Amino acid sequence: ILGENCFKAEGVASSNTPLLRAKEFTDAYLSDADAIFSVGGGEVMIEILEYIDFNKIKKLPPKWFIGFSDNTNLVYTLTTICNIQTIYGPNAAKFYRYPLEYDTLDCWRMLSGDNEFKGYESFQFQDNKAKYPKYKFDHKKVITPYFYTQPFTGILIGGCLDCLVNLCGTKFDYTKSYIQSHKENKIIFYLESCDLNSVGIRRALTQLKYAGWFTNIGGFLVGRTKQYYDTSFYTTPNEAYIDILSPYQVPILLNVDIGHISPSLPIKNGAIATIDYKNENIYITYKD
């Protein structure tokens with residue numbers, strides 16, 4: 001079923017007005033569809049939140065919502081407000097290649113019920129701007145662990161840091177109540193950034209820290225930022241993460257296959273998972 005706004009560009013940096021975009025999502029959630037895919041990363045999805053009846057969604061049978069980047073605004077709020085698992089994963093337009101491989105294949109495996117996933121060997125820094133781009137993975141992945149001694153388990157929540165910091169402190173920020181209601185499990189935040197430079201990352205993390213998001217924390221997964229080579233304030237943007245997150249003395253894995261540099265592992269938001277780092281790679285096993 002194709003949403004009526006999918007090919008429109010009638011809003012500001014968006015397909016249509018916030019009200020009509022919210023209606024499109026709500027109609028999809030009320031439909032018989034098993035899953036809802038976003039068609040694009042978006043820019044201003046936060047505008048639609050005030051037009052979505054989260055209380056109504058809570059009462060409905062849960063269904064998958066899959067989206068990436070700016071879709072954090074729904075991936076994160078559906079989980080923290082409605083206690084619904086979502087997937088931070090590839091948008092619908094990325095499924096053009098067949099057979100499926102890498103992130104799209106793993107997303108399909110996740111939807112099919114598979115629970116075991118592992119990172120990829122290499123990555124592509126610059127996106128190919130061709131209409132139907134082919135992957136060119138020419139950078140070897142190197143995950144850097146901090147405070148990691150053994151596999152750790154917790155509930156995965158997170159998304160694009162650029163969006164999370166905008167949600168923080170709004171009436172749609174249920175993070176602390178979500179953490180409290182799941183206090184029997186540690187929280188593992190997965191974080192990645194699109195447009196923030198290193199000092200922007202530092203500011204955003206500081207705000208989340210001051211807002212009390214990093215309580216009952218069990219670990220952090222940090223994806224590859226799109227500003228991968230930004231050296232304006234640090235040698236690498238990862239140093240901003242280390243400065244703010246290392247005082248928590250919990251496992252931190254840097255340069256994980258999450259984020260705006262392909263390929264990016266789909267993450268089941270709101271699910272209990274065990275994170276293992278071995279053979280210089282990340283392994284994620286979700287609890288049934």
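Computed from a prediction, not measured in an experiment: that's the story for all the values here. In this chain, residues are counted from 1 in sequence order.
Annotation: side chain of Tyr51 is not in contact with side chain of Thr26 (no heavy-atom distance under 4.5 Å). Between Tyr228 and His260 the shortest side-chain heavy-atom distance does not fall below 4.5 Å. Residues Leu245 and Phe214 form a side-chain contact, since some pair of their non-hydrogen atoms from C-beta on lies under 4.5 Å apart. Taking the side chain as every heavy atom from C-beta outward, Leu208 and Leu161 approach each other to under 4.5 Å. Thr285 places none of its side-chain heavy atoms less than 4.5 Å from the side chain of Asp276.
Partners of Asn269 according to the side chain to side chain donor-acceptor pair (under 3.5 Å) rule, which considers only residues two or more places apart in sequence or in another chain, are Thr79, Tyr190.
Between the CG atom in Asp106 and the CD atom in Glu101 there is a gap of 11.0 Å [rounded to 0.5 Å]. Within the model, atoms CD of Glu50 and CZ of Phe172 stand 6.0 Å from one another, a figure rounded to the nearest 0.5 Å. For the atom pair CD1 (Ile244) and OG1 (Thr206), the distance works out to 3.5 Å, reported to the nearest 0.5 Å.
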Test Trp213 against Cys168 for side-chain contact (heavy atoms from CB on, under 4.5 Å), laying out the working first.
CA-CA 9 Å; Trp213 280 31; Cys168 181; 3.9 Å; yes
Check against side-chain contact (heavy atoms from CB on, under 4.5 Å), Leu221 and Ile282
CA-CA 10 Å; Leu221 305 182; Ile282 183 173; 4.1 Å; yes
Given ring pair (Phe, Tyr, Trp, His ring centres under 6.0 Å), test Phe54 with Tyr174 step by step and report yes or no.
CA-CA 12 Å; Phe54 288 99; Tyr174 280 62; 8.0 Å; no
side-chain contact (heavy atoms from CB on, under 4.5 Å), that's the test. Do Ser193 and Tyr241 meet it? Break it down for me.
CA-CA 11 Å; Ser193 176; Tyr241 285 100; 4.1 Å; yes
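Side-chain contact, Tyr88 with Glu192: a donor N or O sits under 3.5 Å from an acceptor N or O.
A side-chain donor-acceptor contact under 3.5 Å links Lys141 to the backbone of Tyr120. Within the 3.5 Å criterion, the main-chain N or O of Asn16 finds a donor-acceptor partner in the side chain of Arg21. Between the side chain of Lys94 and the main chain of Thr104, no donor-acceptor pair closer than 3.5 Å is present. Looking at Asp173, its side chain does come within 3.5 Å of a backbone N or O of Thr175 through a donor-acceptor pair. Looking only at distances, no side-chain donor or acceptor of Arg202 sits under 3.5 Å from a matching main-chain atom of Glu239. Judged by distance alone, with hydrogens and angles left aside, the side-chain atoms of Asn73 form a donor-acceptor pair with the main-chain N or O of Asp70 at under 3.5 Å. Remark: the backbone N or O of Asp195 is paired with a side-chain donor or acceptor of Asp162 at under 3.5 angstrom. Between the side chain of Asn216 and the backbone N or O of Asn185 there is at least one donor-acceptor pair closer than 3.5 Å. The closest donor-acceptor contact from the side chain of Asp230 to the backbone of Ser198 lies under 3.5 Å. With Asp257 contributing its side chain and Leu265 its backbone, the two residues share no donor-acceptor pair below 3.5 Å.
Each of Val165 and Ile81 belongs to its own hydrophobic cluster when Ile, Leu, Val, Met, Phe, Trp and Tyr are linked at side-chain heavy-atom distances under 4.5 angstrom. When hydrophobic clusters are built by joining Ile, Leu, Val, Met, Phe, Trp and Tyr residues whose side-chain heavy atoms come closer than 4.5 Å, directly or via intermediates, Ile179 is not grouped with Tyr210. Under the 4.5 Å side-chain heavy-atom criterion for grouping Ile, Leu, Val, Met, Phe, Trp and Tyr, Ile84 is connected to Tyr286 within one hydrophobic cluster.
For the pair Arg224 and Phe123, the cation sits on the ring face: its NZ or CZ lies under 6.0 Å from the ring centre, inside 45° of the axis.
Screening Asn238, Thr144, Thr236 for a side-chain hydrogen bond (donor to acceptor under 3.5 Å, both in side chains) with Asn255, the sole residue that qualifies is Asn238. With Phe37 as the partner, the ring-ring contact (aromatic ring centres under 6.0 Å, His included) test is satisfied by one option alone out of Phe95, Phe68, Phe65, Trp108: Phe95.
Phe189 has its ring centre no less than 6.0 Å from the ring centre of Tyr248.
Pairs passing the side chain to side chain donor-acceptor pair (under 3.5 Å) check and including a residue from residues 28-41, sequence neighbours excluded, read Ser38-Asn71.
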